[in-house]
Amino acid sequence: ASLWQLLTGSDLPLHVLVSLRRVAVGLGLALAIGVPLGLAIGSYRRLEAALSPAMQFLRMISPLSWMPIAVMVFGVGDDPVYFLLAFAAVWPIALNTAAGVQQLDARWLQLAQSMAATRWETLRHVILPGVLGHILTGVRLAIGILWIVLVPCEMLGVSAGMGYFILDTRDRLAYSELMAMVLLIGALGFALDAAARALYRYWRG
């Protein structure tokens, strides 16, 4: 079967869409946790000193090591996959955001203070625009990690997704479909990275 036949005549597009949805949810959770965490760590040196060792320790544990624990806590289905993907993606986002805050020009913060800006106004108009480039860099790194972790995570008792499709084609000895999926995973990963790069260039431009 050709790749085109697989894309149009099988349920492969459904598996791809399910996987992309999981990546979007995992990345969304990682942003929701990582950006505030990075802003806090970057703003308060004591907090950075307190949390940095624990973060570096957790960051070095492969997300796949948590697979049995995730299944025990969340059960079988999408929830453990979301947890593992968010856990994998949160570190580059948090660390890049914190680095961005620490590299902000202090004069901008002083200017905001001199204009009696509230904390929220300073965050919205000075800090977030100043660290957006770092956040986007973190997102690009996170997407690369997510894409690598996704396929093994989808071998965790789910009934759809690219990882599930790979196991299914292996069990059916459908090696042409298996190779097509491997190539498709590479192409989609490349496209996602290109989109993240384009977003970063658009912001810089």
Side-chain angles (χ1 to χ4, degrees), residues 10-42 47-48 50-98 135-172 174 177-178 181-182 184-193 195-196 199:
S10 74
D11 55 356
L12 188 144
L14 171 72
H15 293 290
V16 171
L17 286 172
V18 168
S19 291
L20 289 174
R21 189 196 72 216
R22 288 184 182 131
V23 166
V25 171
L27 186 61
L29 289 170
L31 279 166
I33 298 164
V35 172
L37 183 62
L39 290 171
I41 290 169
L47 190 64
E48 182 191 19
L51 292 182
S52 191
M55 282 179 62
Q56 294 297 342
F57 177 77
L58 288 169
R59 189 169 72 90
M60 291 302 166
I61 301 172
S62 165
L64 301 179
S65 312
W66 296 93
M67 283 170 77
I69 298 166
V71 172
M72 278 167 48
V73 173
F74 297 104
V76 178
D78 281 348
D79 289 347
V81 179
Y82 292 150
F83 166 77
L84 292 167
L85 293 178
F87 182 87
V90 74
W91 309 116
I93 291 171
L95 293 170
N96 273 281
T97 303
I135 293 172
L136 290 174
T137 300
V139 166
R140 188 185 167 199
L141 292 170
I143 286 172
I145 296 167
L146 277 175
W147 205 243
I148 292 167
V149 172
L150 173 70
V151 171
C153 286
E154 288 188 326
M155 297 175 178
L156 262 182
V158 293
S159 57
M162 295 189 295
Y164 168 82
F165 189 84
I166 284 177
L167 284 183
D168 183 53
T169 51
R170 184 201 66 186
D171 293 342
R172 290 189 286 113
E177 292 182 41
L178 176 62
M181 177 53 94
V182 169
L184 188 59
I185 287 170
L188 284 169
F190 183 83
L192 283 173
D193 184 64
L199 189 63

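The first residue of the sequence shown is numbered 1, and numbering continues consecutively from there.
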Exercise for the section: Give a yes or no on whether the backbone of V23 and the side-chain of W147 come within a donor-acceptor separation of less than 3.5 Å. Expected result: no
Problem - Close side-chain approach of L192 and L20, heavy atoms under 4.5 Å - result: yes
Completion exercise
Nearest heavy-atom contact between I93 and A30 is CD1-CB, 3.9 Å
Completion exercise
To the nearest 0.5 Å, atom CG of L141 lies from atom CG of D193 at 9.0 Å
Fill in the blank from the handout: Looking only at heavy atoms, the pair that brings L47 and I41 closest together is CD2-N, 4.1 Å
Fill in the blank from the handout: Closest non-hydrogen contact found for F87 with W91 is O-NE1, 3.0 Å
Completion exercise
In this structure, CG of L146 is separated from CG of L84 (nearest 0.5 Å) by 11.0 Å
Problem - Nearest-0.5 Å distance that lies between atom OH in Y164 and atom CE in M181 - result: 11.5 Å
Fill in the blank from the handout: Rounded to the nearest 0.5 angstrom, the CG-CD1 distance for L64 and I148 is 10.0 Å
Problem - Side chain to side chain, L95 and M55, heavy atoms closer than 4.5 Å - result: yes
Practice task
Check P36 against L31 and note the closest heavy-atom contact, atom names and distance.
Solution key: CD-O, 3.6 Å
Practice task
Please work out whether the ring planes of F83 and W66 are parallel, tilted or perpendicular, with thresholds of 30° and 60°.
Solution key: perpendicular
Handout entry: Inter-residue atom distance C153.SG - D78.CG, 0.5 Å rounding
Key = 11.5 Å
Practice task
With L178 as reference, evaluate L167, D168, T169 under the side-chain contact (heavy atoms from CB on, under 4.5 Å) test and give the passing residue.
Solution key: T169
Completion exercise
Note: E154 and M162 closest approach over all heavy atoms is OE1-N, 2.8 Å
Completion exercise
Rounding to 0.5 Å, atoms CG (N96) and CZ (R140) come to a distance of 11.5 Å
Problem - Beyond-backbone contact of I185 with I166, side-chain heavy atoms, under 4.5 angstrom - result: yes
Fill in the blank from the handout: All heavy atoms of G161 vs all of S19, minimum pair found to be CA-OG, 3.4 Å
Exercise for the section: Test side-chain contact (heavy atoms from CB on, under 4.5 Å) on V139 and L199 and set out the steps. Expected result: CA-CA 10 Å; V139 166; L199 189 63; over 6 Å; no
Practice task
Side-chain contact test, heavy atoms from C-beta onward, threshold under 4.5 Å: evaluate it for V71 versus V76 and give yes or no.
Solution key: yes
